Protein chains: 2
Amino acid sequence: MVDEALSAGAVARRLGVAVTTLRTWHQRYGLGPSEHIPGHHRRYTPTDLARLEIMRRLTAEGVSPAEAARWARQAPEPMPADAVARSRIRPPGRDGGGGTIPVGRAGPAARGLARAAMRLDAAAISETIARALTVGGVVATWDHLLRPVLVGIGDRHATTGGLIEVEHLVSRCVSEAFAASSRAAAPSGPARILLSCADEEQHSLPLEALGAALAEAGLTYRMLGARVPVAALVEAVTRTGPAAVVLWSHTRATADPTQLSALLAAPRRPLLVLAAGPGWRADTLPAGVVRPADLAEAVSLAVAVRDSLDQSRGA
Amino acid sequence: MVDEALSAGAVARRLGVAVTTLRTWHQRYGLGPSEHIPGHHRRYTPTDLARLEIMRRLTAEGVSPAEAARWARQAPEPMPADAVARSRIRPPGRDGGGGTIPVGRAGPAARGLARAAMRLDAAAISETIARALTVGGVVATWDHLLRPVLVGIGDRHATTGGLIEVEHLVSRCVSEAFAASSRAAAPSGPARILLSCADEEQHSLPLEALGAALAEAGLTYRMLGARVPVAALVEAVTRTGPAAVVLWSHTRATADPTQLSALLAAPRRPLLVLAAGPGWRADTLPAGVVRPADLAEAVSLAVAVRDSLDQSRGA
DNA sequence: TACGAGTTGCGTCGATTGGTGCGTCGATAA
DNA sequence: TTATCGACGCACCAATCGACGCAACTCGTA
């Protein structure tokens, strides 16, 4: 009594791909039900499903679909994922498809992440990010994995108008991963760095990346989050007296230099004010504000502030 | 005990189906009298009748007959459909206590959390929440600790206009805590529950609480997050075919019943559609939508859907 | 830098399959 | 005598089938 014979639709739903894709995988790669009479409906046994699961996992790791299919086809038992991840060089094989996210030459990991995102596979997304974080650290993960994928999703969303769910899901997973990373390497001591988004700015992911990078570098910080009004920001500065403040602006619309001036004029003026993000324009920044080019520079600036503080205190 | 043995015709008349259909249901789905000698007449006990009632109600709601039969067959005592029907009648509505600052009577932990929040002390906030989660679980923590504090902050913000940075910081810490909690008790298996905010709805914290509670209960879910347009939601539903969908609306402005109707009209209609949050109005909800009163009820409803398989053919 | 070739996911279309409710028929239990 | 039984078959409809094509991404080449 094997009631586990899943239909094509059920399997597609479980994997997160379209039904037509299942058919394509069957006829292109031979990844179909073990017994299938042409013309009749496909009935996937648990074994067939396991094969497809392998296919799903490998593609989520960035392996070319053709290659993944070859592996899945002759896979008597679940294979170690390490061996796969280790072989970074992909055999010649292009990639694409209507529902993919452009990641350029950001590497197979980014490609896999994009695929997992498209099928709303939160588990695979989180796993990929977590692995990248432990292997390459926060800065590298952000620059070479997360940012390309996020930019790709953003571009696609800007042109087609869709993919909003994908964007939200990925953002959430990234946020969670950063939070977990920060928590794992959480240093102690007073927080002397304040991270905040500009007023009306709702993209906080880059700031969270910075926070995770700071935690990784042994720095403590305070994160105010998105959409912080100037009054609230100044209020927080005067109350906590941070050594450095990072203000993130993603677009020009939220990059009001007045906010930076307000920071510089605050009662307890921070040693360092960083205007981070592509929103700021160099020629409109008030004097005394530093504009880091990328995540790495922001981190090194923060580290420098910490060192100078330690030195001045003679600790 | 055997005094009420109904004949096939009586049962058929009571259910509103043909007699032959009863026979069909017996031999196709095993939904027959508990003791039946082949060739003899069927005698339905009240228990058998209850099973058939479940079958009828589920199919009337649009559930696939095979699936409905599976529910009805393996229904010991607590029937999900019963819970569903019962929840239609709203239990005595408990609005979150009309006081100005409800934190006061929410216990010392809430008071301490509020104080840490005013201090912008992220570490203390996170620690308090984490301890509450491990001690009392997700539901209790949400109801007795987090919600009072969040409501209190929200009220303050509504009247004074300040505290935005506090609100953000606490939200972020809560979000992180839920993420960590979900990750710690992360079950495996295909996600059969979809969590999403209504269109334009940007409060996702309650949904994250629900997610954490589901993970705690051993359920997997998919979280779409805030501000999900109807099109994206329907797209995700048709793509992943969840058994249940929870749509959160915090305020009336975001509670458009059209979104629920769109869910019910989706190609692969979910078994259960939950309209969660104070935004929804009971009298405007389309038929077939359940409105849980609180977090605990939402969790129990989701648990009821757990064991459902999505294949439409029985053993 | 631009462009064509190879890859790949998936939408669309007309035809078919398979699940479902129920009517019918000869035989049988009540 | 009547209601029901088991078996068979039919009509309806959603899901799926196979085939085809589109769009988009990558990469090699000019």
Side-chain angles (χ1 to χ4, degrees), chain A residues 5-13 15-29 31-33 36-44 55-56 59 62-69 90-108 110-111 114-115 118-119 148 152 155-156 159-160 162-163, chain B residues 5-13 15-29 31-33 36-44 55-56 59-60 62-69 235 238-239 241 267-269 310-314:
Chain A
L6 296 176
S7 73
V11 172
R13 228 168 295 120
L15 292 181
V17 300
V19 190
T20 45
T21 302
L22 271 192
R23 249 179 284 140
T24 306
W25 284 3
H26 186 187
Q27 60 192 46
R28 287 218 265 245
Y29 310 127
L31 283 182
H36 171 239
I37 310 166
H40 288 89
H41 287 188
R42 293 174 173 79
R43 287 283 128 85
Y44 291 88
M55 176 77 176
R56 183 191 63 84
T59 52
V63 179
S64 147
E67 186 78 9
R90 307 200 312 152
R94 289 122 185 103
D95 217 359
T100 52
I101 300 169
V103 294
R105 30 189 111 244
R111 200 182 316 276
R115 268 182 214 281
M118 281 308 292
R119 52 175 78 121
D155 286 352
R156 197 139 184 80
T159 57
T160 64
L163 288 195
Chain B
L6 295 176
S7 73
V11 171
R13 219 167 300 119
L15 291 181
V17 299
V19 191
T20 43
T21 302
L22 273 192
R23 249 179 283 140
T24 306
W25 283 2
H26 186 188
Q27 60 192 46
R28 280 187 188 154
Y29 311 126
L31 283 182
H36 171 238
I37 310 166
H40 289 67
H41 285 191
R42 293 173 174 80
R43 286 297 136 96
Y44 291 87
M55 176 76 178
R56 186 193 59 81
T59 52
V63 178
S64 152
E67 187 143 2
E235 160 80 8
T238 61
R239 198 167 177 79
R268 179 70 183 189
R269 172 184 166 165
D310 58 346
Q311 165 62 350
S312 54
R313 196 181 52 169

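Note that the structure is a prediction, hence the values are computed from the model and not measured. Protein chains get the first letters and strands the later ones, always in sequence-line order, with residue 1 at the start of each.
Rounded to 10 degrees, the angle separating the terminal axes of the helix from dT1(C)-dA30(D) to dA30(C)-dT1(D) is 30°, with each axis obtained from five end pairs.
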Inset, instruction - At under 4.0 Å between heavy atoms, which parts of nucleotides 1-8 of chain D does protein reach? Answer with one letter per nucleotide, 5' to 3': B base, S sugar-phosphate only, - none. - result: ---SBBB-

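Here the side chains of R28(B) and P65(B) are not in contact, with every heavy-atom distance at 4.5 Å or above.
Atoms OH and CD, from Y29(A) and E67(A) in turn, are 11.5 Å apart once rounded to the nearest 0.5 Å. If you take CG on L31(A) and CZ on R23(A), they are separated by 15.5 Å, rounding to the nearest 0.5 Å. Rounded to the nearest 0.5 angstrom, L22(A) CG and Y44(A) OH are separated by 4.5 Å. Here the NE2-OG distance, from H41(B) to S7(B), works out to 9.0 Å after rounding to the nearest 0.5 Å. Atom CG of L15(B) and atom CH2 of W25(B) lie 6.5 Å apart (nearest 0.5 Å). The distance from atom CE of M118(A) to atom OG1 of T59(A), rounded to the nearest 0.5 Å, is 12.5 Å.
Ranked by how close their nearest DNA chain C nucleotide is to the 5' end, R119(A) and V17(B) are led by R119(A).
Partners of H36(B) under the ring-ring contact (aromatic ring centres under 6.0 Å, His included) rule, at least two apart in sequence or in another chain, are H26(B).
As a whole-Å value, the separation of L163(A) CG from dC25(D) P is 11 Å. What separates CZ of R56(B) from P of dT20(C) is a distance of 18 Å, to the nearest Å. When rounded to the nearest whole Å, the span between CE of M55(B) and C1' of dG19(C) equals 12 Å. Computed from coordinates, the R111(A) CZ to dC27(D) C1' distance equals 10 Å when rounded to whole Å. Protein atom CG of L22(A) is 12 Å distant from nucleotide atom C1' of dT16(D), rounded to whole Å. In this structure, CE of M118(A) is placed 13 Å from C1' of dG11(C), rounded to the nearest angstrom.
For Y29(B) and dT20(C), the shortest distance from a side-chain N or O to OP1 or OP2 is below 4.0 Å.
Judged purely by atom type and a 3.5 angstrom limit, T21(B) has no side-chain atom pairing as donor or acceptor with the backbone of V17(B).
Closest to the side chain of R28(B), from the set dT8(C), dC10(C), dG9(D), is dG9(D).
In this model, no side-chain donor or acceptor of R115(A) finds a partner on the base of dG9(C) within 3.5 Å.
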